[in-house]
Amino acid sequence: MTTVDHALTTKLAGFGTTIFAQMSALAASTGAINLGQGFPDTDGPPEVLDAAVDAIRSGVNQYPPGQGMAVLREAVAEHQQRFYELDLDPDTEVLVTAGATEALAGALLGMLDDGDEVVLFEPMYDSYQACIAMAGGVVKPVVLRPGDDGRYGFDRDQFVSACTPATKLILLNTPHNPTGKVFTRDELEFIAEIAIEHDILVVTDEVYEHLVFTGAEHVPMATLPGMAERTLTISSGGKTFNTTGWKIGWMSGPAPMIDAAKTAKQFLTFVNGAPFQPAIAAGLRLPDSFFAELAADLEAKRDRLLPGLESAGFVTYPQEATYFTTVDIRPVRPDGDGIAFCLELPESIGVVAVPTQVFYANPEHGRHLVRFACCKRLDVIDGAVERLARLGG
């Protein structure tokens with residue numbers, strides 16, 4: 001029997017099974033507490049869940065419009081005006097997608113030509129490099145490093161050097177996965193100045209926009225002077241409404257950028273999740289108190305996990321937002337091999353984490369770093385902390 005060994009496109013050579021699938025499978029096989037993959041273990045608000053049930057029972061079960069259902073596009077436009085004073089036409093400047101990951105794929109496939117360069121920060125969500133590769137683009141990473149204060153920052157000279165005449169696009173994730181960094185207004189203004197000076201488009205991934213903690217502020221790039229006309233903003237309902245399995249996302253921004261992304265997106269899923277779209281629309285219209293309580297609840301979970309990580313012996317870099325805290329494992333594992341550490345941890349301690357190395361274009365920058373998720377019930381976090389204490393013992 002002949003073995004086929006040339007099926008995979010060279011564009012995806014080196015991209016195997018995602019680390020999330022690997023670590024979740026390890027959690028299942030060992031019975032370990034899964035603080036690896038970022039998904040909540042509680043349901044979202046009843047208003048959102050009930051709206052989905054009502055939609056299903058009302059017959060909203062066939063293909064929705066290619067642009068997305070009007071009720072959701074209008075809710076996205078209202079949300080951007082309500083929270084950020086951004087004015088959008090829901091008919092031409094909003095596109096519903098199968099989660100933020102498809103939105104990113106559509107944007108990158110729709111806007112990049114072979115050889116176009118994309119400046120972005122590493123570590124990065126793992127789909128970024130793969131989507132850029134599929135589009136024929138070139139990754140130009142700028143590294144985020146924790147400073148003496150524990151906050152991640154970047155070298156501005158390195159960022160300037162990364163932007164060349166071949167740069168088509170800046171891809172920015174804030175609040176940032178996996179570091180939990182929230183880019184400051186000053187940092188964003190610097191990036192915006194470079195984008196305008198060199199006529200570079202910007203795509204932002206803002207799925208954690210409502211999970212920002214005390215002392216930090218989320219500033220959408222599109223709100224800065226001169227940036228609304230060159231910024232495509234991506235978000236989703238999964239993280240905000242604890243509905244990661246629904247895969248309802250969207251992009252908003254100038255019509256030419258929406259049209260470019262839609263041209264590619266229509267040949268990916270085409271459409272998805274009809275009954276979930278009005279449900280997410282209901283969520284986006286929840287009162288301000290919901291969004292404030294959402295962030296406060298997650299902040300309390302971070303504050304529950306963080307002392308446990310420190311007691312276990314890790315150097316911690318507390319997140320300013322998102323589900324994730326990163327740690328330096330070298331105090332408990334001197335060789336700093338994060339992948340080996342994470343592969344051994346489920347069996348030895350009974351906890352799953354994710355090696356941050358896999359989020360880097362240059363893995364050596366994150367070899368010693370590991371990511372833990374705090375988006376779990378407090379009793380689950382307490383159980384994981386109790387197990388991790390054995391590392392410090």
Side-chain angles (χ1 to χ4, degrees), residues 44-55 58 60 64-100 102-104 106-107 174-175 202-212 217-225 227-244 246-259 261-262 265 271-296 321:
E47 298 92 332
V48 173
L49 304 181
D50 291 346
V53 173
D54 289 345
S58 300
V60 185
Q67 189 92 0
M69 294 177 67
V71 65
L72 179 52
R73 288 185 282 109
E74 291 165 0
V76 170
E78 292 169 12
H79 171 276
Q80 295 302 89
Q81 169 56 230
R82 170 184 168 190
F83 287 98
Y84 310 123
E85 298 184 352
L86 290 168
D87 292 320
L88 295 166
D89 182 341
D91 292 329
T92 61
E93 296 180 322
V94 179
L95 176 66
V96 177
T97 60
E102 191 206 29
L104 286 158
T174 184
V202 178
V203 173
T204 65
D205 175 354
E206 303 182 15
V207 298
Y208 293 100
E209 60 187 312
H210 289 297
L211 301 177
V212 178
E217 177 193 13
H218 172 57
V219 179
M221 179 64 82
T223 63
L224 299 183
M227 291 307 295
E229 58 264 38
R230 66 175 63 248
T231 301
L232 187 70
T233 302
I234 291 171
S235 194
S236 77
K239 304 299 191 295
T240 302
F241 304 116
N242 288 15
T243 53
T244 59
W246 290 8
K247 299 300 291 180
I248 301 297
W250 54 86
M251 58 181 83
S252 61
M257 296 180 76
I258 290 288
D259 289 343
K262 181 170 61 176
K265 180 260 188 297
V271 293
N272 75 293
F276 300 134
Q277 292 189 27
I280 295 299
L284 290 174
R285 291 174 170 137
L286 287 172
D288 291 353
S289 58
F290 165 78
F291 296 95
E293 291 166 9
L294 175 74

S.K.: Set out, in order, the CA-CA distance, both residues' side-chain angles and the distance that settles ring pair (Phe, Tyr, Trp, His ring centres under 6.0 Å) for F276 and F241, then state yes or no.
M.R.: CA-CA 12 Å; F276 300 134; F241 304 116; over 10 Å; no
S.K.: Any side-chain heavy atom of E93 within less than 4.5 Å of one from S252?
M.R.: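 No; the side chains remain at least 4.5 Å from each other.
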S.K.: Does N272 reach the main-chain N or O of K247 with its side chain, forming a donor-acceptor pair under 3.5 Å?
M.R.: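 At least one qualifying donor-acceptor pair exists.
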S.K.: Looking at D89, is its backbone amide N or carbonyl O close enough to the side chain of R73 to form a donor-acceptor pair, meaning the two atoms are under 3.5 Å apart?
M.R.: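 Pair absent, no side-chain N/O of R73 close to backbone of D89.
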S.K.: With a 4.5 Å limit on heavy-atom distance, are the side chains of R285 and V71 in contact?
M.R.: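 SC-SC contact between R285 and V71 confirmed.
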S.K.: Pairs under 3.5 angstrom only: tabulate donor-acceptor contacts from the side chains of residues 44-53 to other protein residues two or more places apart or in another chain.
M.R.:
none

S.K.: What do the steps show when you test Y84 against E209 for side-chain hydrogen bond (donor to acceptor under 3.5 Å, both in side chains), and what is the final call?
M.R.: CA-CA 11 Å; Y84 310 123; E209 60 187 312; 2.7 Å; yes
S.K.: With W250, which residues qualify under ring pair (Phe, Tyr, Trp, His ring centres under 6.0 Å), at least two apart?
M.R.: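 For W250 there are no ring pair (Phe, Tyr, Trp, His ring centres under 6.0 Å) partners, ignoring immediate neighbours.
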S.K.: With no hydrogens and no angle check, is any side-chain donor or acceptor of T97 less than 3.5 Å from a backbone partner on G99?
M.R.: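 Such a contact is found between T97 side chain and G99 backbone.
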S.K.: In the structure I gave you, are the side-chain heavy atoms of I248 and Q277 within less than 4.5 Å of one another anywhere?
M.R.: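 Side-chain contact under 4.5 Å: yes.
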S.K.: Between Q67 and I258, is any pair of side-chain heavy atoms under 4.5 Å apart?
M.R.: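 They are in side-chain contact.
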S.K.: If we check side chain to side chain contact (heavy atoms under 4.5 Å, CB included) with F83, which of these qualifies: E85, Q80, H79?
M.R.: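 For F83, the side chain to side chain contact (heavy atoms under 4.5 Å, CB included) check succeeds only for H79.
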S.K.: Are the side chains of I280 and T243 in touch, meaning some heavy atoms are under 4.5 Å apart?
M.R.: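 Result yes, sub-4.5 Å side-chain heavy-atom pair found.
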S.K.: Is E206 reaching over with its side chain to a backbone N or O of P220, donor-acceptor style, under 3.5 angstrom?
M.R.: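 No: the side chain of E206 does not pair with the backbone of P220.
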